[in-house]
Chemist: 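Below you will find the structure I want to go over with you.
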Protein chains: 2
Amino acid sequence: MPKPSFTEQQKQIAGIAKALSHPARVYILQKLHSMNACCTSGEMIGDIPIARSTLSQHLKELKYAGLIQGEIEPPMIKYCINKENWEITRKIINEFFKPAQQNTGDCKP
Amino acid sequence: MPKPSFTEQQKQIAGIAKALSHPARVYILQKLHSMNACCTSGEMIGDIPIARSTLSQHLKELKYAGLIQGEIEPPMIKYCINKENWEITRKIINEFFKPAQQNTGDCKP
DNA sequence: AAAACATTTCGTAATTTTGCGAAACATAAA
DNA sequence: TTTATGTTTCGCAAAATTACGAAATGTTTT
């Protein structure tokens, strides 16, 4: 029998985790989430030890992952948490980490 | 003024996320956690589309991250969730995703 | 139109991750 | 002691990630 591939759920969780797997992206999300407000890349760059272009790449990744969104407000771009997706993500992760059933046996496929 | 480096907390969260950032590692954790029991690598290999040696690498990474532990029971090794660290991790991630304060302003450093 | 500003994209290099098969290890069975 | 079993380590290749500075983009001010 052929090997099963990964489930969509497994890929989805891994994708969320990948978005959080760099300290710069954790910083960005913490900042935007904790202040519950929008922020430009210029307001973030002073806080972290990376170049502007690198920050821009991380912002792009978080946008791609759907965790943040950017509103253009010339000549700046204001980034905010995508609240809808944030909530979805929160639920997925909470579900993943929820307490286990009681069971002391071994692996049963 | 010099650029601040990332905080220990940011690095810790990123580290946890990195451990979860591959579908094979998500599968391993889901399996061990949902059954709340131990399992050998041989009992896992049939479920996922990777080679044995690759699975072994992923198990090693999760062990390094502290999320699982392996008991040697010759000729097998039984892997289980490291419950203590799992709980710590759960709290860290829950804290990260907790609801925000209300605040509609913009970025205030 | 030119200069200034905020940010992104491009090109590229260094590092890390992922993957595999072959070989190695350790234990148990014959 | 040989053979079989379950798993990991090694060696290597391919792909992805991270990083930077330079150049490009788009907007406002002069």
Side-chain angles (χ1 to χ4, degrees), chain A residues 3-6 10-11 13-29 31-32 38-65 67-80 106-107 109, chain B residues 3-6 10-11 13-29 31-32 38-65 67-80 106-107 109:
Chain A
K3 286 217 175 192
S5 66
F6 296 114
Q10 285 157 358
K11 292 186 220 166
I13 293 171
I16 291 166
K18 204 170 77 167
L20 294 174
S21 71
H22 191 286
R25 296 195 290 269
V26 172
Y27 154 80
I28 293 165
L29 293 173
K31 177 141 186 160
L32 296 181
C38 298
C39 206
T40 67
S41 97
E43 284 162 324
M44 300 183 207
I45 192 61
D47 299 343
I48 50 176
I50 59 174
R52 280 169 196 280
S53 56
T54 308
L55 172 57
S56 194
Q57 274 185 145
H58 288 301
L59 289 165
K60 191 175 166 186
E61 275 190 75
L62 288 173
K63 211 159 45 176
Y64 175 77
L67 289 168
I68 66 172
Q69 60 201 136
E71 307 168 26
I72 296 171
E73 194 164 310
M76 298 166 190
I77 299 175
K78 288 189 170 179
Y79 288 98
C80 315
D106 280 313
C107 179
Chain B
K3 285 215 175 192
S5 66
F6 296 114
Q10 283 157 0
K11 292 184 218 166
I13 293 170
I16 292 166
K18 205 170 76 167
L20 294 174
S21 71
H22 190 286
R25 297 194 291 267
V26 171
Y27 153 80
I28 293 165
L29 292 172
K31 177 141 186 160
L32 296 181
C38 298
C39 207
T40 68
S41 97
E43 284 163 326
M44 300 182 206
I45 192 60
D47 298 344
I48 49 177
I50 60 175
R52 279 170 196 281
S53 57
T54 308
L55 171 57
S56 194
Q57 275 185 147
H58 287 302
L59 288 166
K60 192 175 165 187
E61 276 190 75
L62 288 174
K63 212 158 44 175
Y64 175 77
L67 290 168
I68 66 171
Q69 60 201 141
E71 308 167 26
I72 295 173
E73 194 165 311
M76 300 167 186
I77 299 173
K78 287 188 169 179
Y79 289 97
C80 316
D106 279 314
C107 180

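Every value quoted in this text rests on a predicted model; they were computed, and no experiment measured them. So that the names make sense, note that chain A is the first sequence line, chain B the second, and so on, each numbered from 1.
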Chemist: Taking side chain as C-beta onward, heavy atoms only, is A:Y79 less than 4.5 Å from A:T40?
Modeler: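 No; the side chains remain at least 4.5 Å from each other.
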Chemist: From CG of B:L20 over to C1' of C:dT17, roughly how many Å is that when rounded to an integer?
Modeler: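 It works out to 16 Å between those atoms.
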Chemist: Does any part of the side chain of A:L20, heavy atoms only, come nearer than 4.5 Å to the side chain of B:I16, both counted from C-beta?
Modeler: no
Chemist: Taking side chain as C-beta onward, heavy atoms only, is B:L59 less than 4.5 Å from B:M44?
Modeler: yes
Chemist: Ignoring backbone atoms, establish whether A:T40 has a side-chain N or O less than 4.0 Å from OP1 or OP2 of C:dA6.
Modeler: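 So the side chain of A:T40 is outside the cut-off, no N or O lying under 4.0 Å from OP1 or OP2 of C:dA6.
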Chemist: Without decimals, in angstroms, what is the distance between A:K11 NZ and C:dT18 C1'?
Modeler: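 Atom-to-atom, A:K11 to C:dT18, this comes out as 16 Å.
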Chemist: How long is the line joining CD1 of A:I28 and C1' of C:dT7, in whole Å?
Modeler: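 About 14 Å, once rounded to whole Å.
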Chemist: Roughly how many Å is it from CD1 in A:I77 to P in C:dT7, rounded to a whole number?
Modeler: 7 Å
Chemist: Quick one: are B:R25 and B:L67 in side-chain contact, heavy atoms under 4.5 Å?
Modeler: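 Result no, sub-4.5 Å side-chain heavy-atom pair not found.
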Chemist: Tell me: OH of B:Y64 to P of C:dT16, nearest whole Å?
Modeler: 12 Å
Chemist: Could you encode protein contacts along nucleotides 24-30 of chain D as a string, one character per nucleotide from 5' to 3', using B for base contact, S for sugar-phosphate-only contact and - for no contact, with a heavy-atom cut-off of under 4.0 Å?
Modeler: ---SS--
Chemist: Once each nucleotide of nucleotides 11-23 of chain D is scored for protein heavy atoms under 4.0 Å, what B/S/- sequence comes out, 5' to 3'?
Modeler: ------SSBBBB-
Chemist: Using 0.5 Å steps for rounding, measure from the CD atom of A:E43 to the CG atom of A:L32.
Modeler: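 So the gap between those two atoms works out to 10.0 Å.
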Chemist: Could you walk me through whether A:C39 and A:C80 pass disulfide (SG to SG under 2.5 Å), step by step?
Modeler: CA-CA 7 Å; A:C39 206; A:C80 315; over 6 Å; no
Chemist: Taking the side chain as every heavy atom from C-beta outward, state whether A:D47 and A:K31 have any atom pair closer than 4.5 Å.
Modeler: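 Heavy-atom side-chain distance check passes, below 4.5 Å.
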Chemist: Between atom CE in A:M76 and atom C1' in C:dA6, what is the gap in whole Å?
Modeler: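 Spelled out: CE on A:M76 to C1' on C:dA6 is 7 Å.
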Chemist: Rounded to the nearest angstrom, tell me the gap between atom CG in A:L59 and atom P in C:dT8.
Modeler: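 Computing the A:L59:CG to C:dT8:P distance gives 6 Å.
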Chemist: Atom CG of B:L55 and atom P of C:dT17: how far apart are they, to the nearest Å?
Modeler: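 Nearest whole value for this atom pair: 18 Å.
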Chemist: Would you indicate whether B:K60, at its atom NZ, is surrounded by more than 12 heavy atoms from other residues, nucleotides or ligands within a distance under 6.0 Å?
Modeler: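 Open: at most 12 neighbouring heavy atoms sit under 6.0 Å from NZ of B:K60.
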Chemist: In the structure I gave you, are the side-chain heavy atoms of B:I50 and B:H58 within less than 4.5 Å of one another anywhere?
Modeler: yes
